[in-house]
J.: 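Here it is, the structure, as structure tokens.
To find a chain, count down the sequence lines: A is the first, B the second, and so on, and within it residues start at 1.
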There are 2 protein chains.
Amino acid sequence: MRESATRTKILDVASRLFYEQGYNSTGINQIIAEADIARGSLYNHFPSKRDLLTAYIQQSEDLWFAELDKFLESINDPKLRLLALFDFRAEKQLRSNFGGCQFTKIIAEMPKDDLNAFELVRHQKERIKNYIKDLLQQIDLKQPQVLSTNMLIDALFLIMEGATSSASVYKHVEAIRTAKQIANELLDIEPVSQRSSL
Amino acid sequence: MRESATRTKILDVASRLFYEQGYNSTGINQIIAEADIARGSLYNHFPSKRDLLTAYIQQSEDLWFAELDKFLESINDPKLRLLALFDFRAEKQLRSNFGGCQFTKIIAEMPKDDLNAFELVRHQKERIKNYIKDLLQQIDLKQPQVLSTNMLIDALFLIMEGATSSASVYKHVEAIRTAKQIANELLDIEPVSQRSSL
DNA sequence: GTCTATAGCTGGATAGAC
DNA sequence: GTCTATCCAGCTATAGAC
């Protein structure tokens with residue numbers, strides 16, 4: 001059974017609108033108008049707006065990592081791949097005109113008791129953390145490190161999350177570029193080397 | 001001219017609901033019901049819902065830094081004060097049952113062309129950065145540092161932002177505690193010291 | 001300044017024809 | 001499966017009495 005073209009069209013339009021306008025600010029009416037389909041067709045494929053949201057988050061996660069793999073495919077060195085993760089997020093923010101992280105954004109709109117939405121978003125975040133972890137384990141880190149490997153994973157993840165958030169607040173890519181520089185320093189510690197310190 | 005009690009009541013109720021349910025999910029009807037005032041009174045004090053939002057963000061910023069000052073008042077050492085910033089955010093997240101950052105949350109709900117809201121939120125973020133900067137300049141950092149002072153400011157800010165976001169996604173304070181540990185390491189670099197590195 | 005009544009619209013969802 | 005017509009609840013905002 002192949003994917004219905006109608007279903008695909010609905011999900012594509014809804015995904016764009018959910019991200020650009022927010023989930024709560026996007027009405028069924030606008031979705032069916034822009035997808036140019038009937039109200040009944042939407043409810044045939046998605047029993048409720050909530051089901052449409054679930055499909056949106058799941059498909060977005062798949063697309064996100066597919067895009068990432070493509071973005072990194074020409075880079076072999078694990079350290080450069082790790083740093084390019086920041087470029088990837090910068091590029092996505094630039095392209096979306098600084099709409100912020102799709103997943104974090106949804107969470108901000110959901111009531112706290114919506115366990116399903118939180119679970120879906122955590123899934124994507126865990127995948128990012130694992131991505132970082134895998135790359136980090138391929139890197140031959142100098143000894144001694146400022147941060148233990150586990151703390152380094154967390155630090156890189158948190159800096160990346162904070163930078164994406166900050167970029168969308170400031171509508172500027174600077175925070176993500178800075179985050180990349182910080183990551184580079186943290187990954188390239190030569191304890192006794194000369195560094196500007198003030 | 002003293003602050004109207006009605007106005008205060010409206011703003012208090014709206015602030016709570018905007019944060020707990022989101023701005024878009026909170027209706028005027030609920031605000032007037034819970035504040036136990038008439039519809040006309042609300043529109044007398046706040047010409048539109050949007051004006052209520054502006055007042056909410058501005059008052060929240062004032063309260064935020066007042067709470068912070070109070071939280072830190074018994075701590076004198078600048079490094080401990082800086083680290084306690086993480087405790088402050090952890091405490092706030094715990095108290096709100098991990099509702100996330102009030103300011104970032106609003107941004108996630110706003111259309112990108114709402115310049116006013118973005119400006120108000122940036123104002124609060126800049127104040128945090130300046131708070132970090134001021135404290136950092138009072139700390140006698142060891143030489144050489146892994147990160148320059150400017151990068152250290154950014155790193156601490158981004159880690160704090162990322163951790164607050166992550167805490168609200170995971171509904172757990174762990175990310176902020178980890179962020180504090182990372183901050184502590186970054187502030188206390190002794191380049192040649194023994195550290196667990198794997 | 002505070003109140004009630006209501007306008008004018010849009011929200012999500014359902015029913016039933018084809 | 002796709003369509004149109006429609007329900008009802010909710011929204012923001014205004015008008016006008018007191």
J.: Name the nucleic acid region contacted by B:G27, choosing base, sugar-phosphate or nothing; use a 4.0 angstrom heavy-atom cut-off, strictly under.
T.: sugar-phosphate

J.: Let's see if you can work this out: which of D:dT2, C:dA13, C:dG11 has an atom nearest to the side-chain heavy atoms of A:N29?
T.: C:dG11

J.: Find out whether B:Y56 and B:Y23 are in side-chain contact, i.e. whether some heavy atom of one side chain is under 4.5 Å from a heavy atom of the other.
T.: no

J.: Return the value, rounded to whole Å, for the distance between atom OH of B:Y43 and atom P of C:dT4.
T.: 16 Å

J.: Can you tell which of C:dG12, D:dT2, D:dT12 lies closest to the side chain of B:I28?
T.: D:dT12

J.: I'd like to know if B:K9 pairs up with B:E34 as an ion pair, taking the criterion as any Lys NZ or Arg NE/NH1/NH2 lying under 4.0 Å from an Asp or Glu carboxylate oxygen.
T.: no

J.: Check every atom of D:dT2, C:dT2, C:dT6 against the side chain of B:R39 and return the nucleotide holding the closest atom.
T.: C:dT6

J.: Under 3.5 Å, is there a donor on one side chain and an acceptor on the other for B:N76 and B:R81?
T.: no

J.: Calculate the interatomic distance between B:F46 atom CZ and C:dT2 atom P; express it in whole Å.
T.: 11 Å

J.: Report the nucleotide, chosen from C:dT4, D:dT14, D:dC3, that has the shortest atom-to-atom distance to any side-chain atom of B:A38.
T.: C:dT4

J.: With no hydrogens and no angle check, do the side chains of B:N24 and A:S25 hold a donor and an acceptor under 3.5 Å apart?
T.: yes

J.: Quickly work out the B:L52 CG to D:dT12 P distance and round it to whole Å.
T.: 10 Å

J.: Expressed as a whole number of angstroms, how long is the span from A:L17:CG to C:dG12:P?
T.: 12 Å

J.: Of the nucleotides D:dT12, D:dT2, C:dT14, which has the atom closest to the A:N44 side chain?
T.: D:dT2

J.: Identify which nucleotide among C:dT2, C:dG12, D:dT2 has an atom closest to any side-chain atom of A:T6, counting heavy atoms from C-beta outward.
T.: D:dT2

J.: Over how many whole Å does the gap from A:K49 atom NZ to C:dA13 atom C1' extend?
T.: 12 Å

J.: Would you mind reading off the distance between A:I32 atom CD1 and D:dA5 atom C1', rounded to a whole angstrom?
T.: 12 Å

J.: Answer with base, sugar-phosphate or nothing: what part of the nucleic acid does B:S25 contact at a heavy-atom distance below 4.0 Å?
T.: nothing

J.: Taking atom P of D:dG10 as reference, at what distance in whole Å does atom CD1 of B:I31 sit?
T.: 15 Å

J.: With DNA chain C as reference, determine whether A:P47 or B:S41 sits nearer its 5' end, using the nearest nucleotide of each.
T.: B:S41

J.: With a 4.5 Å cut-off on side-chain heavy-atom distances among I, L, V, M, F, W and Y, is there a chain of contacts connecting A:I106 to A:F65?
T.: yes

J.: For A:K9 and D:dT2, give me the distance from atom NZ to atom C1', rounded to whole Å.
T.: 12 Å

